[in-house]
Amino acid sequence: MDKSSSTLKLLLIEDNALDVRLIQELLRETDHPRFTLVHADRLDSGLQQIQQDHFDVILLDLGLPDARGIDTFKRLLPEANKIPVVVLTGLDDKEVALNAVQLGAQDYLVKGHLDTPLLIRALLYAIERQRLLNEIQEHERERERAAARAQFLEIMAHELRNPMAVVKAILTVMRVKAQRGETISDLPKRIQTAEREMDRISELLNDVLEAFRAQKEMLEFRAKRINLVDVIETALEPFRAAERLHQVRRGDDVTEAWVFGDYRRLVQVMHNLLENAVKYSPSGGAVTVNIVINEGYAYVSVADQGLGVPADQTESIFDAFFRAPNVTPYDLGGIGLGLFICRAIVESHDGEIWAEPNKEGTGSVFTVKLPLLEQDVRAG
């Protein structure tokens with residue numbers, strides 16, 4: 001769409017009435033493009049406007065009653081997301097404005113030096129630069145997705161090849177012995193091994209199917225009132241049976257945390273987090289599950305003493321087919337779908353999941369945040 005012939009929506013966050021009137025007058029002097037101006041005189045009210053409406057560009061004063069200097073822009077930036085921001089500054093604050101540009105603002109304007117051509121040019125250039133930046137970022141994300149898909153195919157082939165090779169070897173031995181008329185003394189054991197390897201293949205394929213269902217938001221849920229503590233205890237059972245290898249334990253004494261959710265799916269999330277914690281921790285390492293109740297939410301954390309998550313990978317590890325680079329040298333298996341499925345399940349429960357890395361090699365913490373049932377919040 002040609003921005004020069006359309007109406008653009010501008011959010012002006014400015015507390016000085018004279019400056020607001022000046023900008024309104026400057027905008028009236030041009031018809032191409034037309035600007036619809038929405039005004040907020042506080043940063044907080046401006047942030048509320050961003051949440052409620054769509055804007056093409058934001059004009060931000062760096063000196064507001066509830067925020068001043070570079071902190072004004074820092075507070076706005078996460079909420080503005082992909083909306084271009086042009087900052088307004090006084091004659092003595094050019095350095096602050098330049099700092100804002102370095103942090104992500106598209107441009108800055110100095111009060112007292114404004115005229116219509118300068119204002120319009122700055123706003124249009126900011127919009128265009130942000131559009132180009134968004135395109136570049138999308139191309140980069142697509143490149144990363146393509147690389148992740150290629151890596152997934154390689155990992156999947158590797159993961160499938162191993163159990164299939166075991167099954168083929170067992171069948172070959174059985175065929176040769178049968179042809180020779182020899183008795184297979186350990187036949188039950190061989191069949192059990194083949195069944196276990198076929199189960200591995202089935203689990204891998206099921207993970208892939210679950211991931212594609214999650215991408216299309218087709219995961220099935222049967223939600224009801226459940227105690228999150230029961231979910232955690234169910235997920236812990238098989239890991240406690242292997243206590244000699246890892247110290248898997250609860251680190252809290254919470255007995256009730258009622259949520260509305262799918263019991264089986266939430267057990268799946270907790271089992272996956274525990275499985276990862278055990279997989280990436282040394283034998284004998286502690287894996288601790290904690291529940292904290294705070295302001296209407298249950299926070300369930302799984303902490304381990306394993307490889308840790310690199311600080312720059314805490315978001316990427318929840319992407320489909322992604323495996324952190326500090327994991328691949330150890331060849332611990334997996335195709336990078338477990339955390340992706342976990343995130344889909346948690347978000348479908350109106351919750352959040354995130355990783356809090358410690359220093360690499362000293363472990364990591366994964367936290368699931370779920371809303372408590374309203375009546376239980378009131379009761380607490």
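Keep in mind the model is a prediction, meaning the values are calculated, not measured. Counting begins at 1 with the first residue of the sequence.
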Main-chain N/O of [Y] paired to [X] side chain as donor or acceptor, under 3.5 Å:
X      : Y      : result
Asp15  : Asp41  : no
Ser348 : Ala344 : yes
Arg129 : Gln106 : yes

Check your understanding: What pairs of residues pass the side-chain hydrogen bond (donor to acceptor under 3.5 Å, both in side chains) test when at least one of them lies in residues 57-73, not counting sequence neighbours?
Key ->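 Counting only pairs at least two positions apart or across chains, the side-chain hydrogen bond (donor to acceptor under 3.5 Å, both in side chains) contacts touching residues 57-73 are Asp61-Lys111.
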[X] side chain to [Y] side chain, donor-acceptor N/O pair below 3.5 angstrom:
X      : Y      : result
Ser364 : Tyr280 : no
Arg265 : Gln268 : yes
Gln130 : Asn134 : yes

Check your understanding: Looking at residues at least two apart in the chain, or sitting in another chain, which of them share a ring pair (Phe, Tyr, Trp, His ring centres under 6.0 Å) with Phe221?
Key ->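 With sequence neighbours excluded, Phe221 shows a ring pair (Phe, Tyr, Trp, His ring centres under 6.0 Å) to His349, given in chain and number order.
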Among all residues two or more places apart in sequence or in another chain, which pass the side-chain contact (heavy atoms from CB on, under 4.5 Å) test with [X]?
X      : result
Arg222 : Asp262
Leu171 : Val167
Thr30  : Thr116, Ile120
Gln51  : Glu79

Check your understanding: How far does CG of Leu12 sit from CZ of Phe55, to the nearest 0.5 angstrom?
Key ->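 Between atom CG of Leu12 and atom CZ of Phe55 there are 10.5 Å.
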Review point. Trp354 vs Tyr299 aromatic rings, parallel, tilted or perpendicular, using cut-offs 30° and 60°?
Key: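 The rings of Trp354 and Tyr299 stand perpendicular, inter-plane angle above 60°.
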Report the residues that fulfil side chain to side chain donor-acceptor pair (under 3.5 Å) with [X], sequence neighbours left out, ordered by chain and then residue number.
X      : value
Gln102 : none
Arg343 : none
Asn272 : Asn276
Arg121 : none

Check your understanding: What are the two closest non-hydrogen atoms of Ala97 and Thr89, and how far apart are they?
Key ->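 Looking at all heavy atoms of both residues, the shortest contact is CB-CG2, 3.8 Å.
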Review point. Do Leu114 and Tyr125 share a hydrophobic cluster, counting only Ile, Leu, Val, Met, Phe, Trp and Tyr and linking them when any side-chain heavy atoms are less than 4.5 Å apart?
Key: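 No, separate clusters.
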Check your understanding: Does the distance from a Lys or Arg side-chain N to an Asp or Glu carboxylate O, for Arg250 and Asp252, drop under 4.0 Å?
Key ->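 Salt bridge flag = yes for Asp252 with Arg250.
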Point to revise | Ion pair Glu275/Lys279, N-O distance below 4.0 Å | key: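 No.
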Review point. Under the 4.5 Å side-chain heavy-atom rule for ILVMFWY, direct or indirect, which residues accompany Ile191?
Key: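 Grouped by the 4.5 Å side-chain rule, Val166, Ile170, Met174, Ile184, Leu187 form the rest of the cluster around Ile191.
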Point to revise | Qualifying salt bridge (charged side-chain N to carboxylate O under 4.0 Å, His left out) pairs, either residue in residues 177-191, two or more places apart | key: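 Passing the test, one end in residues 177-191: Lys177-Glu182, Arg180-Glu182, Asp186-Arg190.
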Practice item. Using the six-membered ring of Tyr297, assess whether NZ or CZ of Lys369 lies under 6.0 Å from its centre and within 45 degrees of the ring axis. Key: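 Lys369 over Tyr297 ring: yes.
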